[in-house]
Enquirer: 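One structure follows; several queries about it will come next.
When a ligand or atom number is given, it counts from 1 through the structure's own listing order.
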Amino acid sequence: MSTSYDAVVVGCGPAGSVAAAELAKAGLSVLALERYRFPRFRVGESLTVSAGDLVREWGLEAEMARLDFPPKSGVKVIGRSARTEFFVEVARPTWQVRRAEFDELLLNRAIEAGVEHRWGSVKRVTQQGDRVVGVGFRPEGRKSLVDVRAEVVIDATGHSALMSRQGVAGPRQMGTFDRQIATFTQFTHAVRDPGAMGNNTFIFYGSKYHWAWFIPVSSTVTSVGVVLPTTTHRSVASKPEEVLAWGLEHVNPDLWRRVQGLTPSEPVRVIRNYSYRIDPFVGDGWLCVGDAHRFPDPIFSFGVSFAMTEARAAAEAVVRARWTGDAQEPFERYAAYCSRGQDAAMDLIQYFWKFPAFFSFQTRGSTRGDMIQLLGGDCFGTQENGVLDMMRKSLREVDAPRPAAR
Ligand SMILES: Cc1cc2nc3c(=O)[nH]c(=O)nc-3n(C[C@H](O)[C@H](O)[C@H](O)COP(=O)(O)OP(=O)(O)OC[C@H]3O[C@@H](n4cnc5c(N)ncnc54)[C@H](O)[C@@H]3O)c2cc1C
């Protein structure tokens, strides 16, 4: 292992592997560091179309079939008490994945593209003045740190948010959906819809901010999670298994019908306070990508796709900075690009909870195309999206201070 690279990427989830691979393809020397040996569990199994595009571009379709990852053709949303539902198809085909194997697949492709990779944990970000010049890395099984220098350090550490924790990036600010807790597991032979519809993501909702996901991750295994406000979570039970059991039975009767009597085939896991943002998230010699700077909410399965989209944009910014000798403009442009996509996702999710009936209505008729685009994860573009503009207007109106009563 050398001690000097053009780029060091910390974290090898989708953000890290994609950024590292794209930089190596552009001819840079890249070191990618990951603290947990793969395969390792990660939540986030449903991909939107932008992730599917990258899978195809990287030529991974045969691997997706070999790994028995279900092809996904859309999302079905089942409303309160299972009295209403709507389905939104994807514009281009995509997949449901088990992250343990999917992330390993991406990392292996990055290594094939020329990325050097090591297992171990980054413990320190090294600065000279305000400029980031490298990291202190503890290789797996060793006690001492190795000092690695780089022209640029990419933070792709997910919710660990290395740069923020080290005081390089801004502090973590809790997001709009921070008082939500997800409790989840997997079931074998949960009841799916017949045919291709049975491979799709189903979102069930009950009362406001009470919802559940149902994501087939192989021919037989389904990932199921229940998301509850902290207050409900605390009031129903203390053990995760009991909270999950309560949620499966009470969030939506159609969900209960599909899992009743089944025993989880995985441990029951809990994630709380997952909604946050970090700002600033770029600076002299460093960038944050994916969850390392922002995660709004999991309801529309944007996380992995956004991480990949941002990773490609980050790699472009780094390459452009090398060509021009000016990092500031490309890094700032990258930051604006990420914020545009993440803000659009946040507004879409807020509109869903504030106006569920209108949201469902927008998936039909003339606005359907715009909804397919947004729910497919195409949130970063500059092209007009009429339905998003209309949603923002409605959100501003409900948030506007009301005139004082006479
Ligand atoms: C409840 C819930 C459900 C979700 N469901 C979905 C879904 O259905 N679809 C979807 O697309 N997304 C979903 N997500 C979001 C998704 O999990 C994330 O957005 C996605 O994993 C982000 O990818 P990433 O590469 O940025 O980070 P991660 O996947 O978290 O990868 C970060 C990597 O960095 C490594 N790392 C951390 N610190 C260090 C260090 N100091 N040194 C070295 N390595 C380090 C970690 O071990 C990890 O491997 C969900 C999220 C939640 C909370």
Enquirer: Can Glu329 and Arg333 be counted as an ion pair, charged N to O under 4.0 angstrom?
Expert: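 Here Glu329 pairs with Arg333 in a salt bridge, since their nearest N and O are under 4.0 Å apart.
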
Enquirer: N/O to N/O below 3.5 Å, does that happen between Tyr36 and ligand 1?
Expert: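 No, no N or O pair falls under 3.5 Å.
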
Enquirer: Does NZ or CZ of Arg269 lie under 6.0 Å from the centre of the six-membered ring of Phe41, at an angle within 45° of the ring axis?
Expert: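 Because its charged atom sits under 6.0 Å from the ring centre and within 45° of the axis, Arg269 does stack over Phe41.
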
Enquirer: For Arg142 and Phe137: C-alpha separation, side-chain torsions, deciding distance, then whether side-chain contact (heavy atoms from CB on, under 4.5 Å) applies.
Expert: CA-CA 10 Å; Arg142 297 242 316 253; Phe137 163 64; over 6 Å; no

Enquirer: Is Arg40 in polar range of ligand 1, meaning some N or O pair under 3.5 Å apart?
Expert: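 The answer is yes, given that Arg40 and ligand 1 share an N or O pair closer than 3.5 Å.
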
Enquirer: With a 4.0 Å cut-off on heavy atoms, does Ser17 reach ligand 1?
Expert: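 Per 4.0 Å heavy-atom rule, Ser17 does not contact ligand 1.
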
Enquirer: Would you call the rings of Trp246 and His250 parallel, tilted or perpendicular, where under 30° means parallel and over 60° means perpendicular?
Expert: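 Aromatic pair Trp246/His250 classed parallel.
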
Enquirer: Just by modelled atom types, is the Tyr205 backbone N or O under 3.5 Å from a matching donor or acceptor in the Asn252 side chain?
Expert: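 Yes, the answer is positive, given that a donor and an acceptor are paired below the 3.5 Å cut-off.
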
Enquirer: Between Leu162, Thr157, Thr183, flag the one that comes closest to atom 37 (C) of ligand 1 by a heavy atom.
Expert: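 The residue whose heavy atom sits nearest atom 37 (C) of ligand 1 is Thr157.
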
Enquirer: Which residue supplies the protein heavy atom nearest to atom 44 (N) of ligand 1, what is that atom called, and how far is it?
Expert: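 Answer, as residue, atom name and distance: Arg35 N, 3.2 Å.
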
Enquirer: Is Lys354 paired with Asp347 through a side-chain N to carboxylate O contact shorter than 4.0 Å?
Expert: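 Looking at Lys354 together with Asp347, the answer is no, because their closest N to O distance does not fall below 4.0 Å.
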
Enquirer: Any ion pair linking Arg258 and Asp193 (charged N to carboxylate O, less than 4.0 Å)?
Expert: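 Yes, charged N to carboxylate O under 4.0 Å.
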
Enquirer: Distance under 4.0 Å to a non-hydrogen atom of Leu33: what atoms of ligand 1 satisfy this?
Expert: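 It comes down to these atoms of ligand 1: 43 (C), 44 (N).
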
Enquirer: Ignoring hydrogens and geometry beyond distance, is a side-chain donor-acceptor pair present between Thr157 and Arg165 at under 3.5 Å?
Expert: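 Result is no, nothing qualifies.
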
Enquirer: Students should be able to answer this: which protein heavy-atom is nearest to atom 31 (O) of ligand 1, and at what distance?
Expert: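 Here the nearest protein heavy atom works out to Gly13 CA, 3.5 Å.
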
Enquirer: Determine, considering heavy atoms only, which of Pro14, Gly303, Ser223, Ala156 sits nearest to atom 12 (N) of ligand 1.
Expert: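 It is Gly303 whose heavy atom sits nearest to atom 12 (N) of ligand 1.
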
Enquirer: Any nitrogen or oxygen of Asp291, main chain or side chain, under 3.5 Å from a nitrogen or oxygen of ligand 1?
Expert: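 For ligand 1, there is an N or O atom that lies under 3.5 Å from one belonging to Asp291.
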
Enquirer: Under 4.0 Å from a heavy atom of Ser160: which atoms of ligand 1 are those, numbered in the order shown and with their elements?
Expert: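 Ligand 1 atoms under the 4.0 Å threshold to Ser160: 37 (C), 38 (N).
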
Enquirer: Does CD in Gln328 sit with more than 12 non-hydrogen atoms of other residues, nucleotides or ligands closer than 6.0 Å?
Expert: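 Atom CD in Gln328 is not crowded, with 12 or fewer foreign heavy atoms closer than 6.0 Å.
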
Enquirer: Quick test: of every protein heavy atom, which one is nearest to atom 27 (O) of ligand 1, and how far off is it to 0.1 Å?
Expert: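 Answer, as residue, atom name and distance: Gly158 CA, 3.5 Å.
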
Enquirer: Any atom of ligand 1 sitting under 4.0 Å from a heavy atom of Arg99?
Expert: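 It does; at least one heavy atom falls under 4.0 Å.
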
Enquirer: Are any of the N or O atoms of His159 closer than 3.5 Å to those of ligand 1?
Expert: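 No: no nitrogen or oxygen of His159 is under 3.5 Å from one in ligand 1.
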
Enquirer: Which option, Gly290, Ala307, Ser275, Ala182, owns the non-hydrogen atom nearest atom 1 (C) of ligand 1?
Expert: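 Looking at heavy atoms only, Ala182 sits closest to atom 1 (C) of ligand 1.
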
Enquirer: So, does Leu47 sit close enough to ligand 1 that a heavy atom of it is under 4.0 Å from the ligand?
Expert: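 No.
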
Enquirer: Give a yes or no on whether the ring-centroid distance for Phe355 and Phe359 is below 6.0 angstrom.
Expert: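 Between Phe359 and Phe355, which both carry aromatic rings, the centre distance is not below 6.0 Å.
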
Enquirer: Using a strict cut-off of less than 4.0 Å between a Lys/Arg side-chain nitrogen and an Asp/Glu carboxylate oxygen, indicate whether Arg109 and Glu63 qualify as a salt bridge.
Expert: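 No, Arg109 and Glu63 are not salt-bridged.
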
Enquirer: Please determine if Val122 has a nitrogen or oxygen closer than 3.5 Å to a nitrogen or oxygen of ligand 1.
Expert: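 Yes.
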
Enquirer: Looking at atom 34 (O) of ligand 1, what's its closest protein heavy atom, distance included?
Expert: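 So the nearest neighbour among protein heavy atoms is Gly11 CA, 3.2 Å.
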
Enquirer: So if I count the atoms of ligand 1 from 1 in the order they appear, which ones are less than 4.0 Å from some heavy atom of Gly120?
Expert: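 By the 4.0 Å cutoff, the relevant atoms are 43 (C).
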
Enquirer: Is it the case that more than 12 heavy atoms not belonging to Arg179 sit under 6.0 Å from its CZ atom?
Expert: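 No, not enclosed.
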
Enquirer: Salt-bridged, Arg368 to Glu89, with N to O below 4.0 Å?
Expert: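 Yes.
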
Enquirer: Please list the nearest protein heavy atom to atom 4 (C) of ligand 1 with its residue and the distance rounded to 0.1 Å.
Expert: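 Protein heavy atom with the smallest distance to atom 4 (C) of ligand 1: Pro298 CB, 3.5 Å.
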
Enquirer: Please report which non-hydrogen protein atom sits nearest to atom 24 (P) of ligand 1, along with the residue it belongs to and the distance in Å to one decimal place.
Expert: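 Result for atom 24 (P) of ligand 1: Ala15 CB, 4.0 Å.
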
Enquirer: Is there a side chain to side chain donor-acceptor pair (under 3.5 Å) between Thr3 and Asp147? Walk through the geometry before answering.
Expert: CA-CA 7 Å; Thr3 51; Asp147 196 23; over 6 Å; no

Enquirer: Please report whether ligand 1 has a polar contact with Ser46, defined as an N or O pair separated by less than 3.5 Å (distance criterion only).
Expert: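 Yes - when backbone and side-chain N and O of Ser46 are compared with those of ligand 1, one distance drops under 3.5 Å.
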
Enquirer: Hey, is ligand 1 close enough to Val304 that some N/O pair sits below 3.5 Å?
Expert: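 Yes: some nitrogen or oxygen of Val304 is under 3.5 Å from one in ligand 1.
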
Enquirer: When you measure from atom 28 (P) of ligand 1 to every protein heavy atom, which one gives the shortest distance, and what is it?
Expert: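 Protein heavy atom with the smallest distance to atom 28 (P) of ligand 1: Arg42 NE, 3.7 Å.
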
Enquirer: Looking at atom 14 (N) of ligand 1, what's its closest protein heavy atom, distance included?
Expert: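 Going atom by atom, the protein heavy atom closest to atom 14 (N) of ligand 1 ends up being Gly44 CA, 3.8 Å.
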
Enquirer: Considering only heavy atoms, which of Phe295, Phe38, Phe184 lies nearest to atom 51 (C) of ligand 1?
Expert: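 When every heavy atom of Phe295, Phe38, Phe184 is considered, Phe295 comes closest to atom 51 (C) of ligand 1.
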
Enquirer: If we set the cut-off at 4.0 Å for heavy atoms, which region of Ile215 has an atom near ligand 1: side chain, backbone, both, or neither?
Expert: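 The part of Ile215 near ligand 1 is the side chain, not the backbone.
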
Enquirer: Below 6.0 angstrom between ring centroids: does that apply to Phe295 and Phe306?
Expert: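 Ring-ring flag for Phe295/Phe306: false, centres at least 6.0 Å apart.
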
Enquirer: Among Arg37, Glu34, Glu310, Glu45, which one has a heavy atom closest to atom 33 (C) of ligand 1?
Expert: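 It is Glu34 whose heavy atom sits nearest to atom 33 (C) of ligand 1.
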
Enquirer: Would you check if the distance from the ring center of Phe38 to the ring center of Trp119 is below 6.0 Å?
Expert: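 Phe38 vs Trp119: aromatic centres under 6.0 Å.
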
